[in-house]
Amino acid sequence: MQYITTPHQAELNAAEVMKTWGFTDAVATTGGADGGIDVRSSRALAQVKWKGGAAGRPEMQQLYGARGTDTKKVLFFFAASAYSKAAIGYADEVGIGLFTYDPVGVMTPINGVAQRVISSGTPDTAPTVTPSSQDGLFIGALLLAIVVIGGVVIALGYF
């Protein structure tokens with residue numbers, strides 16, 4: 001990727017990286033009213049922040065809310081700068097993968113969810129991204145949803 005100089009280039013970069021993680025249908029939005037979603041996939045949504053200060057908790061909440069009732073979708077946030085402590089805490093609670101990227105688009109995982117994507121993702125299969133076991137009750141609710149919606153086999157790996 002060439003040097004990222006526009007928000008749209010950052011979004012295109014994020015979509016390309018998501019494809020390498022197995023989200024092969026990832027597409028950057030074309031601008032306009034995107035509801036806080038900059039990259040869409042059938043299995044994931046992402047927001048990309050190109051410039052400015054540290055991304056904060058309100059931006060994490062916006063992304064989480066934009067997913068709506070489709071709780072099976074994985075959430076990613078890509079920032080060119082940094083994240084506030086409150087943003088990282090909230091992302092850890094709800095399972096948002098946080099990444100920073102450098103001017104040429106190289107991604108660095110910031111939290112445990114993001115690290116699991118990097119360590120388990122392959123080009124052919126999408127990683128399963130769930131909050132860590134230290135996330136308390138949220139993980140139990142998520143696993144119950146996976147059992148009911150996605151089948152017992154997936155959930156058994158996380159008990």
Side-chain angles (χ1 to χ4, degrees), residues 1-132 135 138-139 142 145-146 149-150:
M1 178 78 179
Q2 65 184 16
Y3 194 75
I4 297 172
T5 59
T6 68
H8 190 61
Q9 286 175 334
E11 293 164 0
L12 292 172
N13 179 68
E16 288 305 311
V17 169
M18 286 174 61
K19 287 177 184 179
T20 69
W21 296 338
F23 299 94
T24 57
D25 61 343
V27 177
T29 58
T30 57
D34 58 20
I37 302 300
D38 298 312
V39 181
R40 293 182 181 277
S41 162
S42 60
R43 296 176 294 134
L45 300 172
Q47 187 170 357
V48 181
K49 185 172 181 175
W50 179 56
K51 278 194 171 184
R57 181 181 172 122
E59 291 162 299
M60 302 305 119
Q61 291 171 314
Q62 179 186 14
L63 174 60
Y64 186 78
R67 177 172 62 180
T69 59
D70 194 356
T71 58
K72 293 185 292 182
K73 287 196 177 178
V74 179
L75 299 175
F76 298 117
F77 199 104
F78 302 98
S81 56
Y83 295 89
S84 70
K85 286 184 180 186
I88 294 170
Y90 181 78
D92 287 343
E93 286 176 27
V94 300
I96 299 173
L98 302 179
F99 295 86
T100 57
Y101 60 92
D102 69 12
V104 293
V106 175
M107 297 291 175
T108 301
I110 299 301
N111 64 351
V113 175
Q115 186 60 50
R116 287 190 294 278
V117 170
I118 297 297
S119 64
S120 68
T122 66
D124 299 323
T125 59
T128 301
V129 180
T130 58
S132 66
D135 292 331
F138 177 79
I139 188 82
L142 179 63
I146 291 173
I149 296 169

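In what follows, every heavy atom counts, from backbone to side chain, and hydrogens, waters and symmetry copies are set aside.
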Chemist: Would a distance-only check, ignoring hydrogens and angles, find a side-chain to backbone donor-acceptor pair under 3.5 Å from Arg43 to Gly22?
Modeler: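 Confirmed, Arg43 side chain pairs with Gly22 backbone.
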
Chemist: If you measure from CG on Asn13 to CH2 on Trp50, what distance do you get to the nearest 0.5 Å?
Modeler: 13.5 Å

Chemist: Table please: side-chain donor-acceptor pairs of residues 94-103 below 3.5 Å, with sequence neighbours left out.
Modeler:
{"from": "Tyr101", "atom 1": "OH", "to": "Lys49", "atom 2": "O", "distance (Å)": "3.0"}
{"from": "Asp102", "atom 1": "OD1", "to": "Val104", "atom 2": "N", "distance (Å)": "3.0"}
{"from": "Asp102", "atom 1": "OD1", "to": "Gly105", "atom 2": "N", "distance (Å)": "3.0"}
{"from": "Asp102", "atom 1": "OD1", "to": "Val106", "atom 2": "N", "distance (Å)": "2.9"}

Chemist: Evaluate the ring planes of Phe77 and Tyr83, with Trp represented by its six-membered ring, and classify them as parallel (under 30°), tilted (30 to 60°) or perpendicular (over 60°).
Modeler: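 Phe77 and Tyr83: perpendicular rings.
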
Chemist: Could you check whether Gln9 and Thr5, counting side-chain N and O atoms only, form a donor-acceptor pair closer than 3.5 Å?
Modeler: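 The answer is yes; a qualifying pair exists.
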
Chemist: Checking Arg67 side chain against Leu45 main chain: does a donor-acceptor pair fall under 3.5 Å?
Modeler: no

Chemist: Val39 vs Leu12, test: side-chain contact (heavy atoms from CB on, under 4.5 Å). Steps then yes/no.
Modeler: CA-CA 8 Å; Val39 181; Leu12 292 172; over 6 Å; no

Chemist: Can you measure from CG (Asn111) to CD (Glu93) and round to the nearest 0.5 angstrom?
Modeler: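 That separation rounds to 12.0 Å.
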
Chemist: Look up atom CD in Gln62 and atom CD1 in Ile37, then write down how far apart they are to the nearest 0.5 Å.
Modeler: 8.0 Å

Chemist: Looking at every heavy atom in both Ala55 and Ala87, which two are closest together, and how far apart are they?
Modeler: O-CB, 3.4 Å

Chemist: Is the shortest heavy-atom distance from the side chain of Met18 to the side chain of Phe78 under 4.5 Å?
Modeler: yes

Chemist: Can you name the nearest heavy-atom pair linking Gln115 to Pro109, along with the distance?
Modeler: OE1-CG, 3.2 Å

Chemist: What's the shortest heavy-atom distance between Met107 and Ala14, and which atoms?
Modeler: CE-CA, 4.1 Å

Chemist: Within a strict 4.5 Å, meaning less than it, do heavy atoms of the Thr29 and Arg40 side chains meet?
Modeler: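 They are in side-chain contact.
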
Chemist: Could you pull out the closest heavy-atom pair between Ala10 and Ile4, with the gap in Å?
Modeler: N-CG2, 3.7 Å

Chemist: Mind checking whether Ile118 and Trp21 have side chains closer than 4.5 Å, heavy atoms only?
Modeler: yes

Chemist: Heavy atoms only: give me the nearest Thr71-Gly68 pair and the separation to one decimal.
Modeler: CG2-O, 4.3 Å

Chemist: Decide yes or no for Gln47 and Asp38: does some side-chain heavy atom of the first lie under 4.5 Å from some side-chain heavy atom of the second?
Modeler: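 The answer is yes, as the side chains (C-beta and beyond) meet within the 4.5 Å cut-off.
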
Chemist: Might you point out which heavy atoms bring Ala54 and Glu59 nearest each other, and give the distance in Å?
Modeler: O-OE1, 4.3 Å

